[in-house]
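As structure tokens, the structure follows; a few thoughts come after it.
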Amino acid sequence: MKKENDHLTKLSIMFVTMIILTLIAFYLVSSDWISTNVLPYVLLFFAVIQVVIQLVLFMDIKEKEGRYRITSVVGGGFIALLTIFFLALLKM
Amino acid sequence: MDSILQYFRTLPSDIILADISLVIITIASTFLLTKYKKWNWLWSWITSTDHKKIGIMYLFVSFLFFLRAGLEALLIRMQLAFPENEFWVFQGERFNQLTSTHGTVMIFLVATPLLIGLMNVIVPLQIGARDVAFPFMNSLSLWLFISGGILINVSFIAGGSPNAGWTTYAPLSLKEFTPGPSNTYYPIGLQVAGLGTIMGAINFIVTIIKMRAPGMKFMRMPLSTWSMLITSVLIVYAFSALAVALLLLTFERLFGTVILSSSAGNPLIWQHLFWIFGHPEVYIIALPAFGIFSDVISTFSKKKLFGYTSMVFAIILIGFLGFMVWVHHMFTVGLNANINVFFALTTMLIAIPTGIKIFNWLFTMRGGSIRFDTPMLYALGFIVTFVMGGVTGVMLGSVPADYQYHDSYFVVAHLHYVIIGATIFGVLSGVYYWWPKMFGKMLNEKLGKWNFWTFVIGFHFTFFPMHIMGLMGMPRRVFTYPEGEGLGWLNFVSTCGAFLMGIGVFIFMLNIYITTRYGKSVQLNDPWMKRGRTLEWTIPSPPPPYNFARTPIVTSGEPLWNAYENRKENIEFEGEYEDIHMPSSSSLPFFMGMAFLIASFGFVFQIWWLATLGMLGVFMTMAIRSFQNKNGYSIPKKNVIYHDKGVGY
Amino acid sequence: MQAPAEEKLFSDKQAQMNILAFWFLIGAEVVVFGCLFGIYVSVQELTANGPGPKELFNLSEIIISTIVLLSSSFTCALGVYTLKLGKKRMTFIWFLLTISLGIGFVFLEVIEFVAYVGEGATISTSAFLGAFYMLLGTHGAHVIFGVVWISMLLIQLVLFGITKDTAPKLFIASLYWHFIDVIWVFIFTVVYLLGKV
Amino acid sequence: MKRVLTFIVTACILSGCSSIAVLNPKGTAGEKQLDLLLLSLLLMGIVLAVVFTLFVRFLIKYREKPGEENEFPIQTAGNKKLEISWIVVPFIIIIVLAIPTFATTYELDEPYTNDKKPLIIEVTGEQFQWSFYYPEYGITSTDELRLPVNRPISFKLTSNDVIHSFWIPQLGGKRDALPGKENTLRLKALETGTYDGKCAELCGAEHALMTFDTIVENKTNFSKWIENMKDGEKDG
């Protein structure tokens with residue numbers, strides 16, 4: 001039963017972390033605390049942290065047959081990034 | 001009544017002809033089905049969840065589409081046979097419809113599903129599985145493909161076919177320049193078919209990962225299975241990109257977004273999205289063919305595939321690089337030079353894994369004992385044709401030279417060399433090779449050879465001159481060309497070649513008819529004179545519904561061949577007989593497909609109640625499916641034993 | 001009621017295959033949303049004469065819907081947690097909470113869109129707005145689909161209890177729900193926050 | 001090397017291929033593109049020769065002879081050296097092709113410096129005609145493009161409706177004319193004469209008819225034409 005309670009605590013902590021990250025991101029945008037050149041990267045970094053939390057903790061990506069699950073998501077992510085990159089270049 | 005007559009008077013004669021033949025075909029098939037009391041038989045196929053039957057239906061339906069698009073190709077060639085020709089009604093607008101639907105149908109509704117169909121039959125047999133992972137979803141994929149296919153095909157007689165090329169570049173494909181339902185059919189029809197394709201691909205992936213027979217490690221899988229695994233991964237990603245592109249076009253045409261318009265948005269977005277899908281698609285339809293050829297060449301040379309490991313890695317590398325080259329379709333749109341050279345390099349790099357495969361095939365034959373049966377002939381024809389198409393591909397990768405080739409007949413020649421050379425030859429090779437496995441009868445060898453030679457010679461006569469036409473300055477998708485540019489005789493040769501190909505296809509159909517009608521059953525597991533190497537040849541032809549009475553235990557990459565070498569008739573089945581659970585057939589996929597069809601018509605013609613009705617049907621069937629838990633039936637052990645001990649056949 | 005162990009609930013081969021298949025579907029969806037983001041990013045600045053992200057978005061409203069959706073993801077995780085313990089009642093409650101929060105999110109989004117349209121920011125005003133509505137609309141449609149789907153499964157949960165059939169289905173639906181949340185994190189960051197930078 | 005290539009071209013022309021526009025360029029860009037075409041053709045010819053030789057040899061040597069039906073040939077799994085060789089050799093071929101490809105791509109992309117006095121022509125495609133505006137002289141011509149020989153030309157391409165593609169095969173490769181965007185194509189005509197110009201991107205019903213004549217003239221004739229056009233515009 002202890003192991004299960006641990007899991008529950010972990011879930012709750014991570015949930016709180018996500019909320020806090022969101023609020024920090026929100027605060028950073030509404031204040032001039034970080035220069036606008038760096039800010040996008042900081043915000044994207046926060047987003048990536050949240051995604052990793054979701055994938056690993058909530059979605060059990062590393063459990064059974066984790067390598068297929070990770071391959072699938074990473075492959076999709078790679079192609080998505082490629083697409084976004086070249087579509088963003090069209091702005092120029 | 002007068003107005004209806006008036007309407008028919010305004011129709012072009014080709015559409016009237018299509019209408020009439022549609023009516024005749026409907027009446028004739030209804031009559032025949034009723035006369036021979038075959039409605040139940042038809043229904044048992046429609047609702048089947050057996051991967052072999054679904055595969056055969058895939059093959060059948062896409063072959064019908066192949067005939068349609070092939071007929072269009074002949075019409076195109078007739079219009080272009082002479083300079084300044086005016087054949088029937090196919091000039092200008094109607095010629096654009098011809099080329100657009102020819103391309104769309106051939107790529108989406110012929111090449112892709114033909115291979116999926118063949119692999120649907122073969123992959124589970126090759127890995128020693130009783131069915132695919134999701135038999136229900138398999139049937140659903142089929143019916144979504146058929147619905148999408150019907151939609152694209154019916155556009156011809158209901159409102160006009162797509163007419164902006166198979167690539168449907170914006171802004172030409174937008175409402176502003178092509179009003180009416182024509183180019184709305186394209187995104188919606190392909191969306192439905194594409195959805196089915198993605199499901200099918202996921203099905204293959206899970207089947208191959210999870211349903212292999214005990215002992216069949218990844219590196220023991222036959223090449224057909226390997227290539228289908230990689231192809232399925234490509235489909236999952238590439239068709240998703242296509243889905244977004246199509247969604248975007250749908251929004252542009254139906255809901256008034258302005259993302260692709262030249263004034264408020266950027267039409268190049270379409271080109272990027274389309275080719276992010278479009279280039280991997282080329283490998284989606286080439287890789288399974290490579291797999292088929294690997295198996296066929298190895299079988300008919302009596303040799304183990306040369307460099308198996310490097311073949312597998314070549315496939316993976318091609319799949320990966322396939323996603324990195326799409327901008328070579330856009331070299332002339334004026335992106336900056338850095339982007340162009342990057343994609344030129346990746347394009348050329350693809351030649352390396354492809355070269356690995358070609359040489360491995362050649363060296364598989366070395367030291368073997370080669371028989372020239374029809375499947376092997378197609379494989380050999382493929383090597384010649386595909387190498388030629390491949391080298392022009394490298395030439396096209398050279399950016400500045402591509403400024404000359406781009407959108408000219410040189411490209412038309414190249415793409416037909418690659419796609420017909422790989423996919424169509426591959427499917428024909430595979431169909432000849434596995435026909436006895438699917439139907440228990442050998443296709444006639446003599447007609448097969450006639451089929452091969454007419455088709456291949458016709459092919460080279462049709463497409464080789466196109467290289468030269470392109471270099472002479474003939475742009476693609478033109479319905480006419482002036483006299484005095486020297487293009488006349490080349491085009492005429494090309495047209496003659498196209499008719500020779502048509503004869504080839506006719507002989508193929510004749511072969512199927514004669515074989516089905518008069519052919520003898522083969523009665524053997526391995527009808528290719530003890531040359532079979534892989535698991536599909538260890539079971540009866542045609543296989544029982546459950547494929548393997550006992551699960552085979554695999555100890556090498558070519559279990560059957562190893563058994564032959566040890567002077568045995570078949571591999572040892574070591575597993576126990578047991579009750580076999582079979583998925584029950586279901587009519588839901590059919591109804592879901594039809595609901596999608598109804599909804600699609602609603603969307604195309606913007607009849608919103610019809611669209612809503614159709615979508616409701618879709619969700620209803622999905623909900624019903626969600627509540628179905630236990631389904632399927634059991635074949636008792638004693639029946640399985642009875643059949644397997646050789647009493648049944 | 002005896003709690004079925006987690007291993008038993010998901011040990012069925014078919015269930016494992018379903019879960020694996022769903023992960024590949026997620027891979028496909030990643031590309032779908034990647035492309036939608038790509039479209040959005042490339043036309044972000046083409047606002048024609050209509051409002052741009054800076055004028056349009058009101059972050060304090062967005063933060064509420066973000067927290068609503070994040071919480072639904074958390075309740076969903078709790079639902080799976082109790083599901084694995086075999087607690088039917090708690091599972092039901094957590095998932096019910098999840099879909100209620102989902103409905104709340106959709107409600108907030110609809111209000112937001114209605115307000116925008118009221119300001120004259122419609123789907124055909126500019127390329128930017130077109131891409132915005134397409135991205136958000138696709139995400140919203142996913143949320144609605146998820147709500148309907150989980151409701152369906154909850155009915156089954158009530159009818160059949162936690163079995164080898166219902167448990168994997170709920171688990172897969174939870175994966176779907178988390179995935180929607182992942183996408184929202186990016187929408188929140190790329191569309192709303194970066195739109196304001 | 002160049003000599004061999006020239007020989008091939010000459011042989012080609014003698015045998016009646018002079019009508020193959022791309023192989024018979026009269027413009028700077030077209031010449032560079034032809035060089036690349038020939039280089040890639042040569043390299044690929046080598047590949048084809050190797051493959052077809054092996055192919056024919058293996059087919060003849062290893063076909064099944066009567067009486068061999070039940071024999072078991074020796075099974076070989078592969079050969080490291082051979083497999084590596086057909087990774088390395090194609091790689092070298094690709095490098096040989098890639099370097100001039102890169103160089104030419106950047107070269108063709110390079111803007112003209114002002115001291116070269118390029119003639120700027122603003123080309124607009126619309127369904128289904130081409131118009132050419134010469135800002136230097138303030139004149140516009142439709143479906144007829146006149147160029148002075150030996151003067152660098154900078155085409156500014158755009159479109160009024162859908163995507164078109166501007167192509168004069170004998171002078172050089174094509175470039176798309178996009179609505180709402182400007183593309184540049186640079187070349188220099190090296191010989192007087194009349195060349196066909198076309199639209200290479202499907203643009204609607206009369207795509208095939210969207211052609212224009214390109215007339216390359218010497219300096220005096222070109223000036224005369226300019227004067228005529230100016231008079232014509234005044235009269236009109």
Side-chain angles (χ1 to χ4, degrees), chain B residues 132-134 137 194-195 198-199 201-207 209-211 232-233 235-245 247-248 250-252 254-266 268-270 272-273 276-277 323 581 583 619 622-630 632, chain C residues 13-14 16-43 45-50 122-135 137-138 141 145 148-153 155-156 159-160 163-166 169 173:
Chain B
V132 291
F134 311 105
M137 199 163 85
L195 206 60
I198 293 179
M199 285 184 197
I202 291 177
N203 206 341
F204 274 118
I205 295 176
V206 178
T207 306
I209 290 179
K210 300 283 282 184
M211 308 225 357
S232 304
V233 175
I235 288 178
V236 167
Y237 297 140
F239 272 74
S240 308
L242 176 72
V244 176
L247 185 71
L248 178 58
T250 313
F251 265 69
E252 294 286 305
L254 295 185
F255 308 123
T257 55
V258 289
I259 299 167
L260 292 177
S261 87
S262 51
S263 48
N266 190 342
L268 290 185
I269 292 173
W270 168 265
H272 268 302
L273 283 178
I276 286 166
F277 148 78
F323 273 105
H581 177 80
F619 289 118
M622 278 164 98
I624 294 173
R625 173 62 187 167
S626 175
F627 277 85
Q628 283 178 344
N629 279 328
K630 297 270 183 295
Chain C
K13 191 174 181 191
Q14 193 65 46
Q16 286 193 9
M17 291 197 294
N18 290 353
I19 292 170
L20 187 60
F22 196 79
W23 274 97
F24 282 98
L25 187 68
I26 288 180
E29 290 269 31
V30 169
V31 178
V32 166
F33 281 100
C35 292
L36 287 169
F37 274 111
I39 296 172
Y40 178 80
V41 169
S42 74
V43 297
E45 282 145 29
L46 302 175
T47 52
N49 297 320
T122 65
I123 195 165
S124 45
T125 307
S126 65
F128 152 70
L129 281 168
F132 169 79
Y133 283 118
M134 246 182 89
L135 175 58
T138 311
F145 183 82
V148 176
W149 183 14
I150 294 178
S151 328
M152 234 32 125
L153 296 183
I155 298 173
Q156 292 181 35
L159 290 179
F160 311 121
T163 66
K164 272 184 171 180
D165 286 313
T166 52
K169 284 183 187 177

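Just so we're on the same page: letters track the sequence lines, and every chain starts at 1.
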Indicate yes or no: at least one non-hydrogen side-chain atom of [X] is less than 4.5 angstrom from one of [Y].
| X | Y | answer |
| --- | --- | --- |
| B/F134 | C/N18 | yes |
| C/V148 | B/F619 | no |
| B/V236 | C/V31 | no |
| B/L247 | C/T138 | yes |

Notebook entry, point to check: If you measure from SG on C/C35 to CG on B/L242, what distance do you get to the nearest 0.5 Å?
Noted result: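 If we round to the nearest 0.5 Å, C/C35:SG and B/L242:CG are 9.5 Å apart.
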Check: If you count heavy-atom pairs under 4.5 Å between each of C/L36, C/V43, C/I39 and chain B, which one has the most?
Finding: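 Ranked by heavy-atom pairs under 4.5 Å with chain B, first place is C/I39.
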Please flag which part of [X] lies under 4.5 Å from any non-hydrogen atom of chain C: side chain, backbone, both or neither.
| X | answer |
| --- | --- |
| B/F627 | both |
| B/M211 | both |
| B/L268 | neither |

So what's closer than 4.5 Å to chain B heavy atoms on [X]: side chain, backbone, both or neither?
| X | value |
| --- | --- |
| C/V32 | both |
| C/F145 | side chain |
| C/F160 | side chain |
| C/A48 | neither |
| C/L153 | side chain |
| C/S126 | backbone |

Closest heavy-atom contact between [X] and [Y]?
| X | Y | result |
| --- | --- | --- |
| C/Q14 | B/A133 | NE2-O, 3.2 Å |
| B/A264 | C/A127 | O-CB, 3.4 Å |
| B/G256 | C/S124 | O-CB, 2.5 Å |

Next item on the list: Could you list the residues that satisfy salt bridge (charged side-chain N to carboxylate O under 4.0 Å, His left out) with C/K169, not counting sequence neighbours?
Entry: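 Not a single residue meets the salt bridge (charged side-chain N to carboxylate O under 4.0 Å, His left out) criterion with C/K169.
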Next item on the list: Name all residues meeting the side-chain hydrogen bond (donor to acceptor under 3.5 Å, both in side chains) criterion together with B/S263; count only those two or more places apart in sequence or in a different chain, and write none if there are none.
Entry: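 Residues passing side-chain hydrogen bond (donor to acceptor under 3.5 Å, both in side chains) with B/S263: none at all.
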Check: When heavy-atom pairs shorter than 4.5 Å are enumerated against chain C, which of B/I198, B/I202, B/N266 gives the highest number?
Finding: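 With the most close heavy-atom pairs to chain C, the winner is B/I202.
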Check: Taking every heavy-atom pair that is under 4.5 Å apart, which of B/L273, B/V233, B/I205 has the most such pairs with chain C?
Finding: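 Between B/L273, B/V233, B/I205, the count favours B/I205.
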